[in-house]
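Just below is one structure, and these are the notes that go with it.
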Amino acid sequence: MIRHYLKLIWNRKRSNLLITVEIFFSFLVVFAVVATAAYFANNYRRPLGFRIDDVWVVNVDAKLPESMVSEDDAVAVVETRRQLHLALRELAEVRELAGAYTVPYGNSRWMSSTKVDGRSVDYTMNGVTDGFASVLGLSLVRGRWFGRDDDAASWDPVAINEQLAAAIFGAADPIGRTFPQEEPEAGGKQREWRVVGVFREYRQDGELALPENYMMIRARPDSFESGPALGRLAIKVRPGTTAAFEERLVRHMQAVAKNWSFEVKPAVEMRAERLRNTLTPLIAGGIVAGFLLLMVALGLTGVVWQSVTQRTREFGLRRAKGAAIPDIRAQILGELLVMATIAVLLGTAIVVQFPLLKLVAGVTAGVYAASLVISALGIYLLILTCAWYPSRMATSIPPAEALHYE
Amino acid sequence: MLRNYLKIAIKVLLRRKFFTVVSLFGISFTLVVLMVATAVLDHVIAPLPPEVHQDRTVSITRASMYGEHSQWTGGAGYRLLDRYARDLPGAERMSVFTSPDQVYSYPNGNKVGVALKRTDGEFWQILRFDFIEGAPYTADDVESARPVAVITRTTRERLLVGAPAVGRTVEVDGQRFHVVGVVEDIPRLRMIPFGEMWAPFTTLKSDSYKTELLGGFSAIVLARDRAAIPGMQEELRSRLARAELPDPKHYTTLVAPLESTFESLARTDIKSESSHAERLWLLMIGGALLFMLLPTVNLINLNVSRIMERASEIGVRKAFGASSRTLVGQFVVENLVLTTVGAVIGFLASLVVLRAISASGVIPYAEFHVNYRILLYGIALTLFFGSFSGVYPAWRMSRLNPVQALKGAAR
Amino acid sequence: MIRLEGIEKVYRTERIETVALADINLEVREGEFVSVMGPSGCGKSTLLNLIGLLDTPTSGSVHLDGTRIDSYQDKALARMRNRQIGFVFQTFHLIADLSVVDNVEIPLLYRRMAASERRRRAIEALDRVGLASRVHHFPTQLSGGQQQRVAIARAIVGNPRILLADEPTGNLDSQMGHEIMAILKELNSELQTTVVMVTHDARLAEQTTRILRLIDGRQVN
């Protein structure tokens with residue numbers, strides 16, 4: 001039977017080629033939508049690593065020049081910052097507070113890489129003060145968080161996430177090990193970084209971002225060396241604190257650092273903004289893709305309808321020769337499904353090139369394969385929808401009439 | 001003849017309502033997407049007020065210092081602009097200003113965020129803002145660092161609640177400013193003029209900007225005419241080549257492209273002399289064509305179906321003396337009628353969609369309009385789309401064998 | 001006026017060759033009423049299509065008024081069909097989307113002619129076949145006989161010199177068939193239109209001036 005359909009399809013190859021091309025492009029559109037959705041859904045269900053309830057973020061602009069900072073300026077900045085932190089702790093609403101180079105949903109990123117056994121490991125860094133883990137509720141899986149006790153150490157303590165620990169130290173226990181650093185610049189002397197803790201996860205760009213290698217290095221508010229890195233403050237406020245506190249907070253800080261600028265935002269607001277910025281273009285693209293597919297669905301329905309009408313006599317003949325109504329419907333659907341299969345196979349052959357050519361980063365093979373399967377099913381569903389009404393039409397005319405159909 | 005073509009086209013289209021509606025849907029939807037994209041692009045780069053002299057304005061927004069191992073790229077610094085970009089040959093005016101800073105004010109306990117841009121006095125000479133109250137501050141105000149500000153209509157609404165604003169005071173980011181003027185809102189995507197509030201750059205809290213080669217500043221330069229621009233670019237390049245760099249061990253070269261808004265959008269490599277604007281054009285045209293692929297195949301399929309359905313009619317016409325060319329003409333007219341109707345619907349739908357996007361506030365202060373330029377693009381796209389999707393079916397039609405067509409056996 | 005010389009028509013598909021016509025020599029003179037007879041598949045319709053310039057022979061030549069025309073370009077052939085020839089088909093082939101008068105006007109569309117003149121001639125032709133009262137009906141609203149009369153009006157509206165009818169009564173009952181035959185005969189005698197008609201019906205064939213018989217694509221005399 002399949003061979004019979006294949007023959008029919010071959011004999012009408014010119015029209016069928018165009019239909020196959022249309023299904024092929026539709027498959028690519030469906031795949032783009034499904035793969036994007038699958039990518040983000042897969043990220044979304046993974047652990048985030050931090051909690052942002054009652055966390056407020058302050059953007060601190062110390063109005064430093066972007067290049068050279070004089071010795072005097074540096075001393076002044078460190079002093080102002082020390083006072084700022086003290087002043088903030090006076091406030092009853094402030095439970096805990098930490099300085100950081102970047103905070104969750106912030107827009108800055110500090111990237112670095114290191115060589116381990118000849119291969120390069122990329123990771124994202126953050127310089128944070130001691131309170132950071134408790135403000136954001138990071139959960140340690142091994143070791144301890146850095147703190148006051150490390151003041152006297154001759155090395156710098158760092159904490160890394162599980163993924164980075166696995167990438168550098170493999171199965172071995174990373175606690176107490178030296179973190180391999182990039183070659184220091186000529187003449188510069190760098191302190192050793194020693195791993196004191198491993199935290200589960202910290203996806204700084206939030207729910208929709210891919211998990212990544214992450215390292216946090218201890219920053220001290222009283223040293224300028226880690227100073228420029230502390231442009232953000234993360235504050236855990238007392239539950240139930242309202243937006244009215246925001247103005248008081250800014251005035252309080254402004255009183256300490258007259259010439260600095262402050263921007264206060266609850267982290268949930270930053271999260272909403274980030275989600276909106278990521279999702280808006282996706283939704284716009286999704287709407288366009290949806291309309292494209294609706295257009296294709298209507299178009300194919302029209303094309304199938306016309307071809308069925310033109311072949312009314314053929315179907316009449318088949319029925320006169322003993323084909324039952326389901327047979328005719330199966331034939332119409334079967335022919336289309338064969339074309340859809342050709343289109344899907346062609347599309348798959350093209351789509352699998354992308355990971356092979358490394359054109360897509362961060363999409364796992366599982367997500368990719370699942371997207372392919374879902375897209376193929378989506379295309380079959382689309383085809384069945386398009387063929388349903390015309391195939392009913394084809395069998396609604398009695399065979400005797402169909403044979404005389406003009 | 002044309003009248004008959006039109007008559008029969010309309011009759012055929014009315015008779016095959018399903019095909020007509022489906023075709024129209026595809027055509028108008030395609031046009032809506034393309035027109036909306038064009039309108040957004042136009043909104044970003046068209047010479048709209050306040051950028052009235054956009055055709056002969058170039059800007060410096062980014063700069064980079066680099067050496068063998070290090071590269072530092074960012075906004076241009078005040079020192080770079082002040083020291084090297086002033087008095088370029090052929091330049092009529094020049095203005096320096098910061099990129100907008102998000103600052104906050106707490107009128108009556110509410111939090112209001114305002115994008116504050118600090119500028120010089122020339123800013124108001126090159127860009128022509130629409131003042132609804134007062135006037136801009138002057139070069140003298142900037143010179144003496146007077147705390148004065150121009151705000152937008154919306155900022156006035158949010159900070160001062162109602163007119164008149166001139167003479168009143170606003171406090172943002174811990175600084176107080178006297179309002180001297182109120183202007184109409186400026187779209188967020190107009191990078192050069194955009195702000196919700198403007199104040200003299202001399203009111204910046206710290207004067208560390210004066211020493212920066214890279215920082216948060218930009219400049220626009222108004223050329224005497226377009227022809228003067230290449231000379232200005234050349235002169236700036238050679239001045240920067242001789243610039244003294246603060247850290248010559250790491251950084252040996254300083255670059256800061258002087259170019260139009262579209263060119264800076266197109267630029268991917270700050271070190272390259274040309275911005276390769278034509279590459280962005282090609283990319284956009286390629287993107288539009290790629291998008292049109294599926295609608296085109298869809299329309300071709302529908303057109304072929306429409307023809308095959310009428311195989312016997314074509315046979316009759318051939319039998320009674322219609323030449324292939326005549327029939328192709330008939331089909332082309334039919335397709336043009338279809339695309340024109342689709343275009344009109346698409347055009348009206350674009351107006352609705354653009355209004356909805358403007359109203360949604362996804363892009364702050366965006367007022368998307370359809371002007372004659374976009375209309376022209378739309379017409380060009382329609383003609384291209386209509387004829388492209390009609391060529392193959394028309395060819396198929398002309399090739400139909402009349403004897404077989406009469407038998408209804410056309411494939 | 002029409003002369004076919006050594007006509008052969010072969011249909012080729014990928015595997016098989018079908019000889020539809022072989023060694024046909026035929027001359028139709030001005031004002032003749034010729035009927036073509038023969039069993040199904042003997043090539044009658046193919047012959048008519050060749051005369052009507054809808055198809056080209058595999059070999060041999062077609063002459064009209066002494067000029068060889070089988071190698072003309074599409075445009076010239078279309079002009080010939082338009083000016084010289086009128087077709088009547090077994091299945092009428094009226095365009096369902098057009099009213100009766102619009103259908104009849106079709107051949108005139110491909111000439112330079114004012115719309116009013118077209119309309120006048122179309123109504124005149126409809127009047128000749130006795131359908132002047134059905135001008136604004138659509139084909140589906142008419143009976144088979146009426147539809148065929150519209151088709152004849154369409155065939156004669158351009159005053160062709162040759163009328164080609166492919167089993168014009170094949171889809172009609174005998175009463176209606178006789179009516180159609182009467183119209184054809186009247187056209188032949190009054191307007192001196194040359195008629196070539198393919199038919200199965202011996203009684204109709206007997207009423208014509210000459211009968212051509214075909215078997216398996218060959219002339220039988």
Side-chain angles (χ1 to χ4, degrees), chain B residues 1-20 305-334 337-338 394-411, chain C residues 9 11 20 45-50 52-56 72-99 102-115 118-119 138-140 151 154-158 160 164 166:
Chain B
M1 205 62 173
L2 194 66
R3 243 186 72 197
N4 284 300
Y5 283 172
L6 282 174
K7 213 168 97 183
I8 188 116
I10 288 162
K11 270 188 187 151
V12 166
L13 296 177
L14 284 180
R15 192 85 175 188
R16 300 277 174 268
K17 285 198 187 71
F18 181 76
F19 274 83
T20 309
S305 281
R306 210 146 46 84
I307 289 174
M308 293 307 144
E309 193 177 23
R310 288 153 59 206
S312 117
E313 175 196 328
I314 290 157
V316 169
R317 287 180 186 277
K318 283 203 166 180
F320 285 102
S323 64
S324 295
R325 198 187 293 183
T326 323
L327 286 174
V328 168
Q330 180 192 327
F331 182 74
V332 167
V333 170
E334 208 173 291
V337 169
L338 196 65
W395 178 78
R396 281 278 293 272
M397 177 183 232
S398 70
R399 287 275 309 258
L400 270 182
N401 178 327
V403 176
Q404 295 211 345
L406 281 170
K407 283 188 192 153
R411 288 202 263 228
Chain C
K9 179 73 186 176
Y11 288 109
S45 295
T46 306
L47 180 68
L48 207 66
N49 288 336
L50 286 173
L53 309 178
L54 281 179
D55 217 342
T56 47
Y72 275 22
Q73 291 297 308
D74 172 73
K75 208 172 168 187
L77 286 176
R79 198 179 148 80
M80 289 277 185
R81 288 197 292 264
N82 187 255
R83 302 280 166 153
Q84 315 276 3
I85 299 165
F87 280 95
V88 178
F89 306 99
Q90 177 178 7
T91 49
F92 324 139
H93 282 311
L94 297 177
I95 297 172
D97 294 338
L98 296 177
S99 69
D102 284 334
N103 261 293
V104 174
E105 277 184 16
I106 285 176
L108 303 181
L109 277 182
Y110 304 108
R111 303 180 185 180
R112 288 194 178 283
M113 190 178 284
R118 257 196 330 254
R119 181 56 49 116
F138 278 86
T140 46
R154 178 176 62 184
I156 61 171
V157 71
L164 303 175
D166 191 353

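Letters go in sequence order (proteins before strands), and every chain restarts at 1.
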Using side-chain contact (heavy atoms from CB on, under 4.5 Å) as the criterion, point out the one residue from L53(C), L54(C), N49(C) that pairs with P402(B).
L54(C)
Count the heavy-atom pairs under 4.5 Å between each of R79(C), M80(C), K75(C), R154(C) and chain B, then report the option with the highest count.
R154(C)
Looking only at I85(C), L94(C), N82(C), most heavy-atom pairs under 4.5 Å shared with chain B are made by N82(C)
Least distance between heavy atoms, A155(C) atom then F320(B) atom:
CA-CE2, 3.8 Å
Please give me the minimum heavy-atom distance between R325(B) and D74(C), naming the atom from each residue.
N-OD2, 4.5 Å
Side-chain contact, heavy-atom cut-off 4.5 Å: E313(B) with L98(C)?
no
Going by heavy atoms in the side chains, are I95(C) and R317(B) under 4.5 Å from each other?
yes
Tell me whether R81(C) contacts the main-chain N or O of K318(B) through its side chain, where contact means a donor paired with an acceptor under 3.5 Å.
yes
Non-hydrogen atoms of chain B under 4.5 Å away: do they reach the side chain of R83(C), the backbone, both or neither?
neither
